[in-house]
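Everything numeric here is computed off the predicted structure, so don't read it as measured data. Just so you know, residue 1 is the first one in the sequence shown, and it goes up from there. First listed ligand is number 1; within each ligand, the first listed atom is number 1.
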Amino acid sequence: MMETRKPIPVSEAVMKVVDHAYALGTETVSLENSYNRILAEPVIAAHPVPPFDRSPYDGYAIISKFSAGACGEHRISFDIVDHIGAGEVSREILTGTKAVRIMTGAPLPENSDAIVMFEQAVEFDGSFTIRKPFEPLENVSLQGEDVSQGEKVIESGSLIQPGTVALLATFGYAQVEVSKQPTIGILSTGSELLDVAEKLVPGKIRNSNGPMIAAQLARMGIACKTYGLSADKLDESFEIVQQAAAETDCLITTGGVSVGDFDFLPAIYERLGAQVLFNKVAMRPGSVTTVAVADGKYLFGLSGNPSACFTGFELFVRPALLKMMGARKIYLPHTTAILSEDFTKANPFTRFIRAAYDGQNIKPAGFNKSNAVASIAKGNALIVLPGGTRGFTAGDTVDVLLLGVEEGQAEWKL
Ligand SMILES: Nc1nc2c(c(=O)[nH]1)N[C@H]1C(S)=C(S)[C@@H](COP(=O)(O)OP(=O)(O)OC[C@H]3O[C@@H](n4cnc5c(N)ncnc54)[C@H](O)[C@@H]3O)O[C@H]1N2
Ligand code: MOO
Ligand SMILES: [Mg+2]
């Protein structure tokens with residue numbers, strides 16, 4: 001008799017998976033190699049930014065109080081006693097109407113407290129005149145206005161984005177402490193599968209899940225090891241799975257997790273003595289997504305159907321790997337949007353519909369069955385519809401999970 005599987009709610013499945021993540025530890029990388037890694041230490045400002053009061057304009061540094069009373073009819077004249085560019089420090093100590101010709105980024109000369117932009121002055125023969133008074137600190141970029149010393153600028157567990165790289169460089173991090181990355185294996189199972197370069201023959205299809213998952217990992221900055229294709233033969237598949245699991249921190253397989261005569265992953269997990277966390281989730285697509293743990297390592301049994309495979313990765317694999325890497329924001333970002341076309345097909349399970357989101361409205365990205373591949377390519381988000389008998393109509397507000405966003409959110413909101 002066929003086994004009956006008990007579906008568990010999506011949120012429960014997500015929590016079960018994430019609970020099993022163990023921390024991989026940390027390593028030191030050079031700043032150039034830190035992009036897209038997870039920061040394993042907080043960034044504390046070792047000095048203020050900017051580190052000194054500086055000119056934000058090309059102009060003249062003056063003592064503001066000597067500009068008092070300047071107007072069109074009574075222009076005040078200043079003498080230029082020095083000339084500095086960014087990187088230089090003036091040795092002049094200003095008094096009265098002495099001024100320093102100063103370029104953007106240069107530190108304010110001692111005693112000066114305002115900058116006259118070139119556009120606000122008329123220069124002639126070693127001096128210039130102005131037609132308005134300047135306030136103390138007018139046109140000055142103050143020490144620490146951007147970041148004050150000792151401030152925690154970035155939390156540990158943050159994704160290193162280009163801006164983070166700029167901050168790390170600002171504070172002199174030539175080496176950066178980041179979380180280690182997991183070694184991931186991908187194995188595509190199915191006797192129908194051909195390699196991408198092979199010619200189609202009757203009954204066969206090309207393996208699209210393997211390359212897709214490699215790309216989903218690459219989007220997270222994670223490399224992977226490909227174990228190629230494995231025909232639906234229990235003993236052979238078992239050997240490869242066992243070897244791949246031993247060589248990696250986490251093995252992702254696709255296909256063979258349902259109840260078909262040649263779906264061997266359930267038997268393989270049993271032979272491995274793996275603990276199956278769940279093998280049925282109340283979701284569509286991806287209801288047969290199976291996650292098991294053996295020797296503390298994840299075995300992700302993603303469905304063979306491309307849309308189910310894709311969704312299973314984004315919902316379960318992604319947060320688990322991010323948690324292993326010590327990331328704080330491990331979940332896909334959640335938002336709501338207005339459905340711009342009817343979606344009347346009701347289903348008792350929670351549905352994840354590949355969709356096109358424009359920042360306000362959202363609509364399904366085409367043919368949306370579990371076995372669809374084109375809609376994955378056309379979507380940038382998932383519409384999440386709660387299970388139930390009701391269909392949804394244009395104008396309804398729906399939950400949305402955003403795909404391909406650099407950093408997600410810390411809480412699971414669905
Ligand atoms: N009697 C039942 N049949 C099915 C059930 C069920 O509950 N009862 N579940 C259905 C659901 S839902 C899904 S999803 C699929 C899942 O199947 P498997 O995960 O076992 O995957 P396969 O059987 O190996 O393949 C399914 C489908 O996907 C294609 N495939 C597989 N691998 C790839 C790949 N690497 N690249 C592209 N396409 C791939 C494969 O050719 C099949 O068409 O089971 C339903 N059946
Ligand atoms: O596992 Mo399936 O994707 O619900 O069609
Ligand atoms: Mg199957």
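Under a cutoff of 6.0 Å and an axis angle of 45°, Arg354 and Phe352 do not form a cation-pi pair.
Atoms of ligand 1 found under 4.0 Å from any heavy atom of Ser287 (numbered from 1 in listed order, with element): 12 (S). Atom numbering of ligand 1 starts at 1 in the shown order; those under 4.0 Å from a heavy atom of Ser370 are 14 (S). Listed by atom number, the atoms of ligand 2 under 4.0 Å from Val288 heavy atoms are 1 (O). Ligand-side atoms of ligand 1 in range of Gly255: 19 (O), 21 (O), 24 (O), range being under 4.0 angstrom from any heavy atom. For ligand 2 and Pro285, the ligand atoms under 4.0 Å from any heavy atom of the residue are 3 (O), 4 (O). Every atom of ligand 1 with a heavy atom of Asp263 under 4.0 Å away is listed here by number and element: 20 (O), 23 (O). Near Lys280, meaning under 4.0 Å from any of its heavy atoms, are these atoms of ligand 1: 7 (O). Near Ile205, with a cut-off below 4.0 Å to any heavy atom, the atoms of ligand 1 are 37 (C), 38 (N), 39 (C), 41 (O). Below 4.0 Å from some heavy atom of Val259 lie the following atoms of ligand 1, by number and element: 1 (N), 2 (C), 8 (N). Near Thr254, meaning under 4.0 Å from any of its heavy atoms, are these atoms of ligand 1: 35 (N).
Ring centers of His20 and Tyr298: at least 6.0 Å apart, outside the cut-off. If you look at Phe128 and Tyr60, their ring centroids are closer than 6.0 Å.
Among the atoms of Gly304, some N or O lies under 3.5 angstrom from an N or O of ligand 1. The N/O atoms of Arg284, backbone and side chain alike, include one that comes under 3.5 Å of an N/O atom in ligand 2. Taking any N or O of Ala308, backbone or side chain, none lies under 3.5 Å from an N or O belonging to ligand 2. An N or O contact shorter than 3.5 Å links Asn305 to ligand 1 by distance. Looking at ligand 1, you'll find an N or O of Asn207 within less than 3.5 Å of one of its N or O atoms. For the pair Arg284 and ligand 1, the shortest N or O to N or O distance does not fall below 3.5 Å. Checked against a 3.5 angstrom limit, the closest N/O atoms of Ser370 and ligand 2 fall inside it. At least one N or O atom of Gly256, backbone or side chain, sits closer than 3.5 Å to an N or O atom of ligand 1. Taking distance alone, with nitrogen or oxygen atoms compared against 3.5 Å, Glu192 approaches ligand 1 more closely than that limit. Where the criterion is an N or O separation shorter than 3.5 Å, residue side chain and backbone included, Val257 meets it with respect to ligand 1.
Within a 6.0 Å radius of CZ in Phe238, other residues, nucleotides and ligands contribute more than 12 heavy atoms. Within 6.0 Å of atom CD in Glu27, more than 12 heavy atoms from other residues, nucleotides or ligands are found, so the atom counts as buried in its surroundings. Surrounding NZ of Lys323 are more than 12 heavy atoms belonging to other residues, nucleotides or ligands, all under 6.0 Å away. Heavy atoms of other residues, nucleotides or ligands lying less than 6.0 angstrom from NZ of Lys132 number more than 12.
A salt bridge is absent between Glu198 and Arg206; no separation between the charged side-chain nitrogens and carboxylate oxygens falls under 4.0 Å. Taking the charged nitrogens against the carboxylate oxygens, Asp396 and Arg390 do have a contact shorter than 4.0 Å, which makes a salt bridge. Ion pairing between a basic and an acidic side chain is recognised when a charged N comes within 4.0 Å of a carboxylate O; Arg271 and Glu239 show no such pairing.
Counting heavy atoms from C-beta on, the side chains of Gln242 and Leu272 come closer than 4.5 Å. Proximity of Pro50 to Gln143: side-chain heavy atoms (C-beta onward) are nowhere separated by under 4.5 Å. At least one side-chain heavy atom of Pro266 sits less than 4.5 Å from a side-chain heavy atom of Arg5.
When the options Ser307, Gly286, Pro7 are ranked by their closest heavy atom to atom 3 (O) of ligand 2, first place goes to Gly286. Between atom 4 (O) of ligand 2 and the options Cys309, Gly312, Ser287, the minimum heavy-atom separation is to Ser287.
Residues passing the salt bridge (charged side-chain N to carboxylate O under 4.0 Å, His left out) test with Arg54: none are found, sequence neighbours excluded.
Contacts of Leu193 with ligand 1, taken as heavy-atom pairs under 4.0 Å, involve the side chain alone.
Gly190 does not count as a contact of ligand 1, since none of its heavy atoms falls under 4.0 Å from the ligand. Contact annotation: Ser208 has at least one heavy atom less than 4.0 Å from an atom of ligand 1.
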